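Take a look at the structure set out below.
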Amino acid sequence: MDAVLDVLAASPLLTIFVVVGLGTALGAVPFGPLRFGAAGALFVGLAVGALDPRLGEGLALLQTLGLALFVYTVGLAAGSTFFRDLRRQLPLMSVAVAAIVVSAAVAGLLGAVLGFSGPLTAGAFTGAMTSTPALAAASTAAGTSEPAVGYALTYPVGVVLSILAVALVVGKRWPSRRDPEPAAGVGLVAVTARVERETPIDEVPGFAANEVRMSYLARDDRTRVVRPDERLHPGDRVVVVGPEPAVVAALAHLGREEEEHLAHDRTSVDNQRFVVSDRRVAGRTVAELDIPGRFGGVITRVRRGDLDLLARDDLTLELGDRVLAVVPRDQLAAVSAFLGDSEQRVSEIDALSVGIGMALGLLLGLVTIPLGGGTTFALGSAAGPLIVGMVLGRAERTGPLVWGLPRAANLTIRQLGLLFFLAAVGLGSGQAFAAEAFTATGGRVVLAGAVVVAVAAVVLMVGARLVGSSAPRAAGALAGLVGQPAVLAHAASRVTDERVEAGYATLFALGIIVKILLVQVLVGL
């Protein structure tokens, strides 16, 4: 055994990948209805790190890199949704602040009742809320290792209970008046309508509002693509695409549904999926591409990951999107060349934009703000890249630079960053966890941490429901509140809903700021 530990201690990268591999295997094991997923790397890391103190040394850079990559890619993916829904999410942000304040008050009360010192109480709070930046602030304020001990004991508890809370809530449906339905929940249908009344196309319900799209038009035994200024005549047949309720409303205005679907006839007009791989196209809206003017065609749908989106005029295309274009047959090659349509190119990343974005995020994290009394505040390597990622994700592109990543590349980088981060945290905390976990004081600290995270979860979930946020957004918000990537990964694995990531991005940076401020108070108790 000593020989194995010597080999692992001599090769930190080998240790990391052993922990990642074993942790992934553990994360795939079902415990009832629950799988821990990426969090398995944390628990394996704790166990391995407890075997030898050398195994947790020298991993700070990898931990920082993993966390920064994870939050930056989350920010890129969630930025557009976050800023679009910001006003709608202000009540949820208020609930989150209340949840953190209440949980900090509970931590202080339990610390006093159970006889903890202020630094130990602050560490237990930061661990239960899985906040490494808050731990750093507590350690600086205390000047001792006590916060680190409390953090190591309650961190696993915070992860496990948060995952359990998310598993219970994320798939629920409750009234969410402030939350629009997700794109993932809107199924699209395509039907052929026979026109029974003369009507301008922009008077068809839903067309002007981009709730439906029209593609094929058959008139006088000739099939072509519908023009944006079309006037439909009785006897015309036209294909209508959109969510079923909107298509039904359009059909009621036009006439009736035809059994024979126009899209099946590809003699003169064809439809095909094209991959957006040209960076001159990515970051632009469907309207800006002017497919009707360039090619006499129309884009009706956009496949993004597992989502099938209606091609609204204001929808911004991303690298890796698969657009369904309806165009004259002789224009298929031209459309393919325009959009790129290269699987290989979307499997590559733009190292220039990633490097600039990450550098800006880490620079923002270095900015230090004095709070008085000798304490300072900094966003750190967690919140800095997240905020920059959200801003760049909202901007989409700046001149020739496309900030977004192909979805497959984004998810791959995100997963690797998360696994490296959790493995490094586990290895680094293993010794402190093993030293105190099975003592009477350690048991009381673990219990206090469980109560703290449970209170935060209950206050947030109840408050989210009261202010009209959906269950998926509330689940993502809890992941952001505790600042735990593994919780977000678990929520995202349970449902396909962009509101999960948006909820996480909304509260992650805010949660870090509030927790850093509150630990200053807890240390002084």
Side-chain angles (χ1 to χ4, degrees), residues 67 71 74-75 82 86 89-111 118-119 121-142 147 150-151 154-155 158 162 165 364-365 367-373 375-387 390 448-449 451-464 467 469 473-474 476-485 487-488 502-525:
L67 180 58
V71 296
V74 167
F82 169 78
L86 181 59
Q89 295 191 112
L90 288 176
L92 181 60
M93 296 168 76
S94 301
V95 168
V97 171
I100 298 173
V101 171
V102 170
S103 62
V106 169
L109 178 62
L110 289 174
T121 299
F125 171 72
T126 60
M129 305 300 281
T130 72
S131 177
T132 304
L135 169 65
S139 298
T140 301
Y151 175 90
T154 57
Y155 189 100
S162 296
L364 178 62
V367 176
T368 301
I369 302 173
L371 299 177
T375 60
T376 59
F377 166 75
L379 290 172
S381 57
L386 175 74
I387 292 174
M390 288 193 297
V451 173
V452 167
V453 72
V455 167
V458 169
V459 172
L460 179 68
M461 294 299 183
V462 172
V467 300
S469 293
R473 191 181 298 275
L478 177 60
L481 180 77
V482 298
Q484 182 45 246
V487 181
L488 173 64
Y504 178 88
T506 300
L507 297 189
F508 186 89
L510 176 65
I512 287 175
I513 294 169
V514 176
K515 283 180 278 189
I516 286 176
L517 294 175
L518 289 175
V519 293
Q520 318 291 333
V521 178
L522 291 176
V523 167
L525 294 178

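Just so it is clear, the model here is predicted, and its values are computed rather than measured. Quick note: numbers below take in every heavy atom, side chains included, and nothing from hydrogens, waters or symmetry partners.
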Could you walk me through whether Leu481 and Met129 pass side-chain contact (heavy atoms from CB on, under 4.5 Å), step by step? CA-CA 8 Å; Leu481 180 77; Met129 305 300 281; 4.2 Å; yes
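- In terms of heavy atoms, Leu478 sits closest to Ala457 at CD1-CA, 4.0 Å.
- Applying side chain to side chain contact (heavy atoms under 4.5 Å, CB included) to Thr126 and the options Thr121, Leu522, Val519 leaves one that passes, Val519.
- Under a 3.5 Å cut-off, the side chain of Lys515 and the backbone N or O of Ala104 do not form any donor-acceptor pair.
- Smallest separation of non-hydrogen atoms from Leu460 and Ala477: CD2-C, 3.7 Å.
- Between Gly449 and Ala128, the shortest heavy-atom contact is O-CB, 3.5 Å.
- Under a 3.5 Å cut-off, the side chain of Thr130 and the backbone N or O of Val482 do form a donor-acceptor pair.
- Side chains of Val459 and Ser103 form no contact here, defined as non-hydrogen atoms less than 4.5 Å apart.
- Considering all non-hydrogen atoms of both residues, Ser162 and Val453 come closest at OG-CG2, 3.6 Å.
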Show your reasoning for whether side-chain contact (heavy atoms from CB on, under 4.5 Å) applies to Phe125 and Ile100. CA-CA 10 Å; Phe125 171 72; Ile100 298 173; 4.1 Å; yes
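- The minimum heavy-atom distance linking Val101 with Leu518 is given by the pair CA-CD1, 4.0 Å.
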